[in-house]
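Whatever order the structure lists ligands and atoms in, that order sets their numbers, starting from 1.
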Amino acid sequence: MSVDDLADLYNDPIGTATLAAGEIAAITGLPKHDIAIVMGSGWIDACTALGIPSHEFDAHVIAGFVPPSVVGHSGKIRSYQLEGDTGPLNLLVFLGRTHLYEGKGLEPVVHPVRTAVKAGCSVVILTNASGGINSAFQVGQPVLIRDHISLTATSPLIGADFVDLTDLYNKRIREIVKHEDPSLQEGVYVHWRGPAYETPAEIQMMRTIGADLVGMSTVPEAIAAHALGAKVLGISLVTNAAAGITGEKLNHKEVIEAGKASAGRMGELLKAVIPKLL
Ligand code: HPA
């Protein structure tokens, strides 16, 4: 990615996403992808269940993408051809993401999902790792994001773009996923800028305002994808009890390890639900 690419990204985000989608079509030979997944911290091993990708390439060769700077985020893009319930489907997988806390602004954070929508994806699956605030949630448990609370005081939308977020985490899609795995719980996810974890007092505040999970991603991507017309599914893997709940200190290694330990279940879940989502 050149400095010009990043300038283009900030000057014309949708134009750069359209350009990036064209580059992905050229590399994969596929004019259209149907579903995208962003694999968050610790989720990358879940890809094993999806089989062998037809293509894998560095995200940063594509217009507007920045190289990853976080352990557990590989910065690759893969294309998979799967059999959906209504016919063949092309799946675009982003291994890792850019976060607000990396200090590059919001455009690189939401560029992958905008690119995915411009590549034809009508469903965007956002996965992440989170701290469990709701004491009913166990480490290693996947939770469907039902709604969110943004505590970052920022938005990927600029200007008078008054997008409705009432059904941001698409209800019909959540029903399909719960039909596949009735043990799945739902929760409200709080977006915390990070990179420092929350204080116990902040977790107490989040619990009071109705949060079940806390993490440092997903919310800007969900808004950007929804604003472009895609349906959004958010799945959060609880990798630790949130700060102050057990008295244990939090660390990123624990987050990645909890992700690895649950990768098999997460992969099987994705493999089972993806064919049903179009
Ligand atoms: N807080 C914020 N982000 C996180 C956490 C957490 O406890 N666990 C994984 N990502």
Side-chain angles (χ1 to χ4, degrees), residues 37-46 68-75 94-104 106 108-110 112 125-154 169 184-223 232-263 265-266 269:
I37 313 186
V38 179
M39 292 296 198
S41 297
W43 276 76
I44 287 173
D45 293 350
S69 56
V70 185
V71 177
H73 292 259
S74 87
F94 298 93
L95 302 186
R97 56 158 56 90
T98 299
H99 304 80
L100 193 54
Y101 63 71
E102 292 173 55
K104 297 168 186 155
L106 265 174
V109 172
V110 295
I125 305 174
L126 301 169
T127 69
N128 66 35
S130 62
I133 297 174
N134 184 330
S135 48
F137 294 162
Q138 311 294 320
V139 169
Q141 177 177 350
V143 177
L144 296 182
I145 300 177
R146 174 172 61 77
D147 204 346
H148 77 226
I149 298 171
S150 173
L151 288 185
T152 63
T154 185
Y169 300 94
L184 283 171
Q185 306 285 308
E186 296 192 343
V188 174
Y189 175 90
V190 173
H191 186 202
W192 183 247
R193 181 191 182 278
Y197 289 112
E198 308 70 35
T199 63
E202 286 159 347
I203 293 298
Q204 193 51 52
M205 170 196 73
M206 291 174 189
R207 190 201 291 273
T208 304
I209 61 174
D212 299 299
L213 307 155
V214 57
M216 303 179 195
S217 69
T218 302
V219 165
E221 293 149 273
I223 294 172
V232 175
L233 168 66
I235 314 179
S236 190
L237 178 67
V238 178
T239 54
N240 55 278
I245 289 184
T246 62
E248 293 291 316
K249 291 197 172 175
L250 273 48
N251 69 76
H252 186 59
K253 200 162 151 269
E254 168 193 44
V255 168
I256 299 294
E257 278 166 9
K260 280 190 193 305
S262 301
R265 176 168 179 207
M266 301 302 97
L269 178 63

Practice problem: Measure from the side-chain N and O atoms of W43 to the backbone N and O of G259, and report whether any donor-acceptor pair falls under 3.5 Å. | Solution: no

Quiz item: Any idea which protein heavy atom is nearest atom 5 (C) of ligand 1, and the distance to it?
Solution: G131 N, 3.4 Å

Quiz item: Hey, does Y197 have a side-chain heavy atom less than 4.5 Å from the side chain of E202?
Solution: no

Quiz item: Quick one: does Y189's side chain get under 4.5 Å of S217's, heavy atoms only?
Solution: yes

Quiz item: Closer than 4.0 angstrom: is that true for some heavy atom of W192 and an atom of ligand 1?
Solution: no

Quiz item: Which atoms of ligand 1 have any heavy atom of L250 under 4.0 Å away?
Solution: 7 (O)

Quiz item: Is the shortest heavy-atom distance from the side chain of N134 to the side chain of V143 under 4.5 Å?
Solution: no

Practice problem: May I ask you to test the H148-I223 pair for a side-chain heavy-atom distance under 4.5 Å? | Solution: yes

Exercise. Give the atoms of ligand 1, by number and element, whose distance to some non-hydrogen atom of T239 is under 4.0 Å.
Key: 8 (N), 9 (C)

Quiz item: Donor-acceptor pair, R97 side chain versus T127 backbone, under 3.5 Å?
Solution: yes

Quiz item: Below 3.5 angstrom, do we get any N/O pair linking E198 and ligand 1?
Solution: yes

Quiz item: Please state which protein non-hydrogen atom is closest to atom 7 (O) of ligand 1 and give its distance, to 0.1 Å?
Solution: N240 ND2, 2.9 Å

Quiz item: What's the shortest distance from atom 3 (N) of ligand 1 to any protein heavy atom, and which residue and atom give it?
Solution: G215 CA, 3.4 Å

Quiz prompt | Note, R193 side chain near Y101 side chain (heavy atom, < 4.5 Å) | solution = yes

Quiz prompt | Element-labelled atoms of ligand 1 that are located less than 4.0 Å from some non-hydrogen atom of A129 | solution = 9 (C), 10 (N)

Exercise. Under 4.0 Å, heavy atoms only, figure out whether ligand 1 is touched by the backbone of V214, its side chain, both or neither.
Key: both

Practice problem: Could you tell me whether A243 approaches ligand 1 through its side chain, its backbone, both or neither, with non-hydrogen atoms closer than 4.0 Å? | Solution: neither

